[in-house]
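Below is one structure, written out as structure tokens, with a few remarks after it.
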Amino acid sequence: MLLQDSRFVDPQDQTARHAGVRDSQATEGQSGRRVAPNFGPEHERAPYAEALQRFADSEPRSFMVPGHGNDPAHGGVHLAELFGDRVPELDVPLMLPGIDLGDDSPLVQAQRLAADAWGAKRTWFLTNGASQANRTAAIAVRGLGERIMIQRSMHSSLTDGVLLAGLLPAFVSPNIDEHHGIAHGLTPEKLDEALTREAEAGRPVSSVLVVSPSYFGSTADVAGLAEVAHAHDAAIIVDGAWGAHFGFHPDLPESPARLGADLVVSSTHKLAGSLTQSAMLHLGDTRFAEQLEPLVARAYSMTASTSMSGILMGSLDVARRALVQGGEQIQGAVDAAEQLRERLREDPRFTVISDRFPEYRDIVATDALRIPVDVTALGQSGHWVRSRMMEAHDTYLEMSTATSVVLVVGALRTVDVDRFMRDLGAVADEAATLPAADAIAFPPLPEAGELRMRPREAFFGESDVVAAGAAVGRISADTLAAYPPGIPNLLPGEAITAETVAFLQAVATSPTGYVRGALDAEVATLRVVRE
């Protein structure tokens with residue numbers, strides 16, 4: 001099934017691989033370097049945000065919710081003291097003419113501009129994060145069929161969607177960097193093998209979910225993965241939560257919606273500049289679009305609040321405008337991130353982990369704004385480094401593992417490189433005065449147990465809590481994921497194996513790990529389906 005030319009594609013060539021491109025699509029320059037899309041003058045506006053501003057400036061006398069009455073002096077004093085006057089003034093409810101009512105309301109216009117900016121056929125604004133996007137996507141693709149192929153490093157919200165929609169999952173494991181506890185991605189070949197396996201077993205899938213980029217910035221061949229999924233008559237969801245800024249600068253990977261993805265989960269607040277908890281879900285302009293669009297619209301109505309925050313949606317609108325117009329700002333962020341990498345390379349106490357990403361066949365590009373750093377030469381864990389940066393220097397890093405820390409630079413950020421390196425150097429000097437910490441070694445990542453029940457039935461069925469040893473051979477009723485690397489080790493409906501229990505307990509009892517979803521900190525007990 002796999003097309004020969006989709007085995008491993010240069011990231012600069014991914015755009016050309018998708019036939020259904022839009023007019024604003026990024027193009028290739030004479031040097032072969034991808035250039036950013038050429039957006040029209042309509043992107044100079046932020047229609048929804050402007051409508052909120054007009055409402056606030058009209059000094060409305062509000063006798064509707066929210067209870068503060070959009071009046072910072074007579075109802076919203078407590079909010080104004082914390083946030084300033086503008087937040088209560090802009091905190092409007094839904095269903096207002098001139099803001100979100102009507103077929104071509106400012107909200108509709110804003111979402112249309114967002115779709116164009118990310119290369120999508122249609123975009124929905126979300127106020128419950130990319131978690132809402134994953135749940136919405138899972139419910140929507142149930143309309144294509146009940147079987148879905150999932151990259152095993154999926155976010156837990158996708159698991160929620162599987163349970164809500166009654167999907168029947170099969171799994172394909174991503175490439176794993178065992179030393180650092182990093183889950184990367186899939187090659188098109190590996191996805192093709194997994195889909196072929198299911199089809200030959202009489203279990204053809206109707207949809208696929210892949211994760212790209214990873215938490216550490218590794219980016220898969222989305223165009224190749226989309227070709228493979230479509231060759232198997234399956235729609236593809238790309239969980240691109242960490243890549244909402246992709247496609248807006250030549251040094252960043254392309255937007256997945258322009259590479260053939262049918263649905264793209266976009267956590268806009270992460271690096272693209274909107275407010276926390278705001279996100280988008282993009283529908284690609286593919287052969288599945290006509291079938292998926294009404295399914296997504298209906299699923300969206302199930303997952304969205306009837307009191308969506310105008311402030312969060314307004315932040316999405318202005319973030320889109322800022323990205324479209326922010327070429328120089330994005331360039332500054334990219335340059336600062338590269339300066340950080342160069343400075344880290346000059347210091348023998350640090351290694352830039354992504355410098356070795358080209359060695360992995362599943363990685364075709366790296367997010368220029370993500371900097372994973374190996375700190376093992378310090379003799380202390382990444383968790384210790386992250387804590388000391390916070391405690392001693394008020395400098396906050398995105399995440400840590402036993403061996404690493406990860407920095408993210410927002411696409412519109414300005415960064416003081418010298419100050420950061422001075423703070424990190426001070427922490428490194430402090431580490432040199434301490435005894436070396438014991439290295440943490442975890443057992444190999446276990447294979448997933450056999451799926452013996454539908455996940456929905458296992459989750460909602462009667463259950464018992466038993467000792468972990470007694471749970472071996474039983475069916476899990478819960479989702480458990482050990483960090484690192486954060487891949488779900490147990491899902492509802494899966495058989496519990498001795499290897500999985502040993503792995504979960506080893507991670508849980510280490511000073512640098514924990515198990516999400518566990519009933520107790522040491523995973524001494526597990527919830528199983530009642531026999």
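This is a predicted model, so every value here is computed, not measured.
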Residues that [X] engages under ring pair (Phe, Tyr, Trp, His ring centres under 6.0 Å), provided they are two or more places apart:
X: F357; answer: H184
X: H43; answer: F39
X: H245; answer: none

Practice problem: Measure the shortest side-chain to side-chain distance between D478 and L519 over non-hydrogen atoms and say whether it is less than 4.5 angstrom. | Solution: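 Contact flag for D478/L519 side chains = yes.
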
Quiz item: Do L369 and V408 have side-chain heavy atoms sitting under 4.5 Å apart?
Solution: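 No. Closest side-chain heavy atoms not under 4.5 Å.
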
Taking 4.0 angstrom as the limit, do [X] and [Y] come out as a salt bridge?
X: E293; Y: R298; result: no
X: R86; Y: D57; result: yes
X: R452; Y: E494; result: no
X: R112; Y: D104; result: yes
X: D233; Y: R287; result: yes

Would you check if the side chain of [X] reaches a backbone N or O of [Y] as a donor-acceptor pair within less than 3.5 Å?
X: S278; Y: S274; value: no
X: D192; Y: P188; value: no
X: D100; Y: M95; value: yes
X: D317; Y: A49; value: yes
X: T268; Y: A272; value: no
X: S206; Y: L144; value: yes
X: S267; Y: K270; value: no
X: D362; Y: N175; value: no

For residues [X] and [Y], is any side-chain donor paired with an opposing acceptor at under 3.5 Å?
X: T187; Y: K190; value: no
X: Y215; Y: E398; value: yes
X: S212; Y: T219; value: no
X: T123; Y: H282; value: yes
X: R516; Y: S156; value: yes
X: H68; Y: D91; value: yes

Exercise. Give the ring-plane orientation class for Y483 versus Y514, where under 30° counts as parallel, over 60° as perpendicular and anything between as tilted.
Key: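 Ring orientation of Y483 relative to Y514: parallel.
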
Quiz item: Given the side-chain rings of W118 and F246, with only the six-membered ring counted for Trp, is the space between their centroids under 6.0 Å?
Solution: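 Distance test on ring centres: not under 6.0 Å, no.
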
Quiz prompt | Shortest non-hydrogen contact between A304 and Q132, atoms and distance | solution =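 Reported closest heavy-atom pair: CA-NE2, 3.4 Å.
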
Self-check item: Interatomic spacing from CD in E59 to CD in E89 - rounded to 0.5 Å
Solution: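 Going from CD on E59 over to CD on E89, the span is 8.0 Å.
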
